[in-house]
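Quick notes on the structure that follows.
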Amino acid sequence: MQNKSWQGKTLVLVMSLCLLLSVSVPGQATPAPNVIVLMTDGTNATATTLSRWYKGAALPTDAITVGGVRTYGADSIITDSAPAASAFATGHKTDDKFISVLPPKVIVPGVPQTPAGMEYKPVASILEGARLAGKATGLVVTCNIQHASPAGFSAHWPDRSNYFEIGKQQVYENIDVVFAGGKQYLLPKDQGGTRTDGENLLSVLKSRGYGLVENRQDMKQFQGSKVWGLFADDAMAYDMDRPLLRPQEPTLAEMTAKAIEILQQKPQGFFLFVEGSKVDWAAHANDPIGVISDTLAFQAAVGTALDFARKDGNTLVLVFADHGTGGMSIGAYRDPNYSSTKLETLIEPLKKATLTGEGIERVLAGRQGETSIRQVMDEYYGVNDLTVQEVADIQKAKSGAMNYVVGPIISKRSIVGWTTNGHVGEDLFLYAYGPGKPAGLVENKDLAYIAARAMGFDLDQADNRLFVEAGAAVSEIGAVAVIDNSNAASPILMVKKAGKVAELPCSTNLLSFDGKTVEMNGITVFAPKTGKAYIPRQAVELLRAAGM
């Protein structure tokens with residue numbers, strides 16, 4: 001009897017432990033209809049600390065700190081924004097400058113080698129998986145939409161700088177809401193853009209039923225379920241500069257709120273990616289004012305997302321930075337008295353500035369005399385003791401690089417230190433709220449699987465449905481796949497069988513056969529390094545059903 005009693009107690013204990021584990025293991029909760037990923041680019045932990053001191057109050061992320069993120073890539077322990085975004089989006093670490101394609105080489109210990117024959121293969125993102133699962137999808141950023149981080153969730157290419165290619169793929173990805181800059185990369189040169197292939201992708205968006213807005217008021221008043229908001233030709237303004245220099249642009253928090261308002265209309269739920277893009281750019285320039293400006297703007301967007309998630313009760317919010325930039329520190333060699341550092345020593349010089357370095361450049365345009373420089377720097381940057389050398393450096397600053405000059409000027413008057421103008425490789429904080437939230441120190445790539453699991457789909461299965469090698473796939477119906485590269489800017493995948501030909505223009509979701517054109521559930525991607533093309537599994541099903 002004693003033995004049976006002991007066995008019974010043991011069984012109860014084991015069942016209790018299993019129940020406890022089932023509700024505490026990260027990512028094991030009931031799927032959440034919505035996932036909001038908020039990422040701030042190039043933001044060291046010090047940037048968050050500095051911004052909190054500057055604000056003088058708690059930040060929205062303070063209450064949801066759950067762990068840390070490891071940030072390294074496949075070919076470097078210090079990652080670039082492109083492979084970082086690719087990892088967060090697809091669950092795969094990749095190489096420098098790559099956008100959501102597998103790497104040809106891996107040199108960092110612990111990262112698995114790419115299987116032979118799969119180098120440069122596109123891999124599905126959580127945005128694409130969410131769309132495949134019937135959810136609404138959105139991208140909200142302050143850079144141009146074709147930039148590395150949003151591209152990681154919405155395009156596939158081995159070169160992050162090819163904005164024309166990335167922009168085209170994004171247009172055909174059927175994303176419900178896009179708010180960003182980058183209008184010029186969607187228009188041909190003869191229509192005010194920069195595209196050299198002659199394509200007008202804004203016309204494509206209109207033909208696909210999208211509303212187009214270009215300012216804050218029109219965004220707020222928009223009624224509908226599909227919209228692209230392009231608020232600048234290139235990147236949007238720093239938040240601190242916006243009221244004076246670009247008041248027609250919405251804030252990151254306003255764009256986030258509007259995106260949520262639109263996306264939540266879909267009963268199946270939504271996925272939204274939000275990025276505070278230009279913290280990284282300010283940190284590259286060692287401009288603490290730009291860092292503070294857009295870190296606080298990002299925190300406001302986090303607050304907006306959390307307000308919705310707390311009311312909704314079924315939304316997972318993930319917040320993190322992709323990597324550090326600049327090696328920012330509170331404390332520097334020039335200030336050895338760290339053990340008696342006053343808050344005022346750090347904050348007072350920074351509080352005097354009302355523009356970032358980029359804003360200073362705009363105000364100084366055409367005013368390069370010493371008197372004008374001293375007046376502008378005193379009025380907008382709070383610096384009234386410029387040295388002769390500092391005046392000369394401002395006069396010599398190249399277009400687009402003023403923050404690289406004035407950022408260090410104000411850093412020296414505070415106690416903000418910097419180690420580099422590049423990226424740095426430290427672990428960063430992870431913040432999360434809602435069902436299935438993770439905890440502890442996680443790999444950047446694991447966040448993609450956590451988000452997919454929370455939304456109720458298998459990311460690897462989504463990849464298997466969206467990106468199959470075209471030659472092998474169409475052989476199932478006795479056809480062959482050939483790339484027509486006669487127009488190098490717009491290659492076409494030709495599927496041929498017994499005199500019949502189907503066309504799948506690369507970087508689109510279109511399939512044309514027997515005089516009809518249909519939209520697929522994913523895009524055709526050409527891999528220029530290997531000459532292979534990748535298509536959705538649905539393409540084969542459509543061709544088989546059409547009699548090919």
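Listed by first and then second residue, the side chain to side chain donor-acceptor pair (under 3.5 Å) pairs that reach into residues 50-59 are Arg52-Asp62, sequence neighbours excluded. Residue pairs meeting the ring-ring contact (aromatic ring centres under 6.0 Å, His included) criterion with at least one member in residues 156-175, sequence neighbours excluded, are His156-Phe467, Tyr163-Tyr185. For residues 302-311, there are no side chain to side chain donor-acceptor pair (under 3.5 Å) pairs, not counting sequence neighbours. For residues 238-258, no residue pair satisfies the ring-ring contact (aromatic ring centres under 6.0 Å, His included) rule, not counting sequence neighbours. Applying the ring-ring contact (aromatic ring centres under 6.0 Å, His included) definition to pairs two or more places apart or across chains, those involving residues 65-88 are Phe88-Phe320. Residue pairs meeting the salt bridge (charged side-chain N to carboxylate O under 4.0 Å, His left out) criterion with at least one partner in residues 144-161, sequence neighbours excluded, are Asp80-Arg160.
Judged by distance alone, the side chain of Asn44 and the main-chain N or O of Gly324 form no donor-acceptor pair under 3.5 Å.
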| task | Go through the steps to decide whether Glu119 and Thr114 satisfy the test side-chain hydrogen bond (donor to acceptor under 3.5 Å, both in side chains), and finish with yes or no. | result | CA-CA 6 Å; Glu119 298 86 354; Thr114 301; over 6 Å; no
| Verdict with reasoning, Asp75 to Lys97, per salt bridge (Lys or Arg N to Asp or Glu O under 4.0 Å) | CA-CA 11 Å; Asp75 63 343; Lys97 307 300 184 287; over 6 Å; no
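Residues satisfying the ring pair (Phe, Tyr, Trp, His ring centres under 6.0 Å) criterion with Phe273, sequence neighbours excluded, are Phe153. Applying the ring pair (Phe, Tyr, Trp, His ring centres under 6.0 Å) rule to His284 yields the partners His423; only residues at least two apart in sequence or on another chain are considered. Thr48 pairs by the side-chain hydrogen bond (donor to acceptor under 3.5 Å, both in side chains) definition with nothing, not counting sequence neighbours. In terms of the ring pair (Phe, Tyr, Trp, His ring centres under 6.0 Å) criterion, His92 has no residue partners (sequence neighbours excluded). Arg246 pairs by the side-chain hydrogen bond (donor to acceptor under 3.5 Å, both in side chains) definition with Glu249, not counting sequence neighbours. Listed by chain and residue number, nothing satisfies the ring pair (Phe, Tyr, Trp, His ring centres under 6.0 Å) test with Tyr431 (two or more places apart in sequence, or in another chain).
Residue Val302 forms a side-chain contact (heavy atoms from CB on, under 4.5 Å) with just one option from Val317, Val274, Thr256, Thr61, and that option is Thr61.
Nearest heavy atoms, Pro243 versus Asp239: CD-O, 3.3 Å.
Crowding of Leu212 atom CG: a count of heavy atoms from other residues, nucleotides or ligands under 6.0 Å exceeding 12. Taking a 6.0 Å sphere around CD of Glu261, one finds it holds more than 12 heavy atoms contributed by other residues, nucleotides or ligands.
Between Glu173 and Arg131 there is a salt bridge, since at least one side-chain N of the basic residue sits less than 4.0 Å from a carboxylate O of the acidic one.
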